[in-house]
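Structure first, then comments.
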Number of protein chains: 4
Amino acid sequence: MEKNSKKERLIQAAIKLFAKQGYHNTTVAEIADEAGVAKGTVYWYFDSKEQLFWGIIVSGIELLNEKLLREAQISNKTAIEKLETIIRLHLDFFKESKNIVKMIQDSSVTPDKHFNKKIHKLRKESIDNLSKIIKEGQEGDEFVINIESEELANFILGSIGGSYNPSVYKLEDVEETTDLILKIMLSGIKA
Amino acid sequence: MEKNSKKERLIQAAIKLFAKQGYHNTTVAEIADEAGVAKGTVYWYFDSKEQLFWGIIVSGIELLNEKLLREAQISNKTAIEKLETIIRLHLDFFKESKNIVKMIQDSSVTPDKHFNKKIHKLRKESIDNLSKIIKEGQEGDEFVINIESEELANFILGSIGGSYNPSVYKLEDVEETTDLILKIMLSGIKA
Amino acid sequence: MEKNSKKERLIQAAIKLFAKQGYHNTTVAEIADEAGVAKGTVYWYFDSKEQLFWGIIVSGIELLNEKLLREAQISNKTAIEKLETIIRLHLDFFKESKNIVKMIQDSSVTPDKHFNKKIHKLRKESIDNLSKIIKEGQEGDEFVINIESEELANFILGSIGGSYNPSVYKLEDVEETTDLILKIMLSGIKA
Amino acid sequence: MEKNSKKERLIQAAIKLFAKQGYHNTTVAEIADEAGVAKGTVYWYFDSKEQLFWGIIVSGIELLNEKLLREAQISNKTAIEKLETIIRLHLDFFKESKNIVKMIQDSSVTPDKHFNKKIHKLRKESIDNLSKIIKEGQEGDEFVINIESEELANFILGSIGGSYNPSVYKLEDVEETTDLILKIMLSGIKA
DNA sequence: CATGAATGAGACTTCATTCAT
DNA sequence: CATGAATGAAGTCTCATTCAT
């Protein structure tokens, strides 16, 4: 697909507007306008407004997941190194795709049977992936063993996402923020 | 006001439906129906659908904040004990008011100038409160000192909220989950 | 009826608000509020909002018509004197009851079968009354005879009302304005 | 735009219904129905019900004013001839656009900040135009000089409009009615 | 007499989607 | 491929009126 194809322009317009205004406060007309095409054209490329919205989210998450999976499989890394990579990839994603991240945060509001399953599956994939790394780490004596790996994976992923607060982290320096989170994660805050 | 006043029934119906379906997928007619009153009655008690939605959210957060503040002021507690209380109060809130929590998660989608300011203020109150406790803890040699207290407060609050995932924690035993989070928070996950 | 009975207060409130805002932009709640009574009370004294509106108009016009009729019957007056009185009584009415006058101007917008008949009858009474005076004047050689009396009556009444434009006439001095209209009416504007 | 475009049909339907029933007693649904289009179509062509209503009124008055102005500028006419033309143009307008005239009479009921200014400006234009003609006439010794020209202009315009009463003038013969009004205006009704 | 909570019909308006061109 | 006029279902909100207290 060319960089400036109408389809691509529509996707970019949709990301921009959905992120700024939310799903329900963005009209198909606005998206078409922003992309510089007619309203009807949207329906040549996408089945519906919902499919356009969810399609963006799903491909965003898939992209992130692919990267996460790839890193996890590099076997000459320690579990801690892998965890560090996971944190960094998330922050990179937050930084590079902050509009899509905003859409994801909002997406729970527009329930859609078909896509909800997909999202759940992707979330589970993420957790499973991290869970496996943690288990490796526990077996390799890198991580504490008295916490169930899945519970821990959930906590970690939640911490990364939940603590992402654009008004606090500016995310100008991803490396630095990665280090901070990793340090807390590993050693805790007790003096 | 009696427990079963129409106003109270409307609020309960609104909480239930807003949580299940989100703001935009819930109609005023549905709320009235669920409460067993006429559509117009909603407007006798509330100025608008928005005000009904935000009113619930604001009073929910205010209730939590009040409890948090009260606990923070009990001076014969160590900072760690206070942190433990904060985690537990949040988990209690997640458990008891899970529908309101869902509404809060969704609330970024329905921007409203008036209420957004209020929400921001409440969030800041929360962070400030925890921030103060952390500073106490740092001064009293309970917490590490090489992390800025506000940054840490943001991370902790984000972790608590972000890790709340109904499909993982069942929150049947709040005490247990509180201990888990507190332990990770304090000592980290490194073996 | 006492000066401050609730009924009277309601009527005064209605006149004030209907004149300022028009029929459709005035709510029964506002009227009750302005009168300092409960909304339900309006319906004890009046059958409906419409009846309240039209009742005021009809009694306003009836009051004017009665005065007009009385003057017309004073037989030792010339037709010109009677015409002068009619003009003056109208201007007095415009001045004293300007809110009711405004309501009358608006009243064509709220058609009501029952009251429309009444209004038509009152308008006809007015025209007939003046028409008779003109005929007297024509017979007594006071007025030109080559114009049909009813046509003339219509023109005169229309002129008085139509030329009443609060932003032009201040109606501070009714006598003066009466003289002006009468002079034009009698002698025309030709040099 | 064709004569039978949906926009034109909507305007005609609106004029018919607004004139018959008034602004507040006419629904957008009725207008769409009368025009044979869907309800939503009204909003494709017009911003709101108000804008549709006022748009019709404003363009009606503008059309009349343009004609009036054009006539006033024909310089080889006497002031009396110009006055005669003004009366005739008004009666023509009353005859041809009687529905719009009815809308104008009703228009004070639907106050609208934006349009009220416009209407006031148009009314002032009308008065100023006639006022200038009268002044010419006074200077040229055609009209009496002891009445202020603007006061007179207001009276004349008011008389024309006020005396327009469909149940008296049938306006079948505009020329004849013009003559009648002009004669009264010029020479008065005194024998 | 008086109240005001409650009703529900109905108004205006929005907007995703379609389809003839 | 692309357009944009047209649709109509659905949503929020108003308000005259009623009635139990």
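No experiment lies behind these values; they were computed from the predicted model shown. In what follows, every chain begins at residue 1, and chains take the letters A, B, ... in the order their sequences are listed.
- A cation-pi arrangement is present between A/Lys49 and A/Tyr23 under the rule of less than 6.0 angstrom and at most 45 degrees off the ring axis.
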Bracket notation of DNA chain E in which parentheses pair within the strand, [ ] cross earlier pairs, and | pairs with another strand (Watson-Crick or G-U, under 3.5 Å): .||||||||||||||||||||
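- Across the protein-nucleic acid pair, D/Gln21 atom CD and E/dA11 atom C1' stand 14 Å apart, rounded to whole Å.
- Take D/Glu34 and apply the side-chain hydrogen bond (donor to acceptor under 3.5 Å, both in side chains) test, not counting sequence neighbours, and it matches D/Lys16.
- Within the 4.0 angstrom heavy-atom criterion, no nucleotide atom of any strand lies near B/Val42.
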Annotated protein contacts, base or backbone, on nucleotides 13-21 of chain E with a non-hydrogen cut-off under 4.0 Å, one of B, S, - each: BBSSBB---
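- Checked by atom type and distance alone, the side chain of B/Ser59 pairs as donor or acceptor with a backbone atom of B/Gly55 at under 3.5 Å.
- The separation between C/Phe53 atom CZ and F/dA16 atom P is 13 Å, rounded to whole Å.
- As a whole-Å value, the separation of B/Lys6 NZ from E/dG4 P is 17 Å.
- Under a 3.5 Å cut-off, the side chain of C/Ser97 and the backbone N or O of C/Phe94 do not form any donor-acceptor pair.
- Here D/Phe46 lies out of heavy-atom contact (under 4.0 Å) with every strand.
- Put simply, the side chain of C/Asn65 gets close to the backbone of C/Leu122: a donor and an acceptor are under 3.5 Å apart.
- In this structure, B/Asp33 places its CG atom 15 Å from P of F/dA10, rounding to the nearest Å.
- Going from atom CG of C/Leu17 over to atom P of F/dC15 covers 13 Å, rounded to whole Å.
- For the pair A/Glu30 (side chain) and A/Thr27 (backbone), a donor-acceptor distance under 3.5 Å is present.
- A pairwise comparison of heavy atoms in C/Asn99 and C/Ala19 identifies OD1-CB, 3.3 Å as the closest pair.
- Protein atom NZ of D/Lys7 is 13 Å distant from nucleotide atom C1' of F/dA5, rounded to whole Å.
- Checking the phosphate oxygens (OP1, OP2) of E/dC1, no side-chain nitrogen or oxygen of C/Trp44 falls inside 4.0 Å.
- Although no hydrogens or angles enter the test, the distance criterion places no donor-acceptor pair under 3.5 Å between the side chain of D/Thr26 and the main chain of D/Gln21.
- A salt bridge links C/Lys118 with C/Glu62; the closest basic N to acidic carboxylate O contact falls under 4.0 Å.
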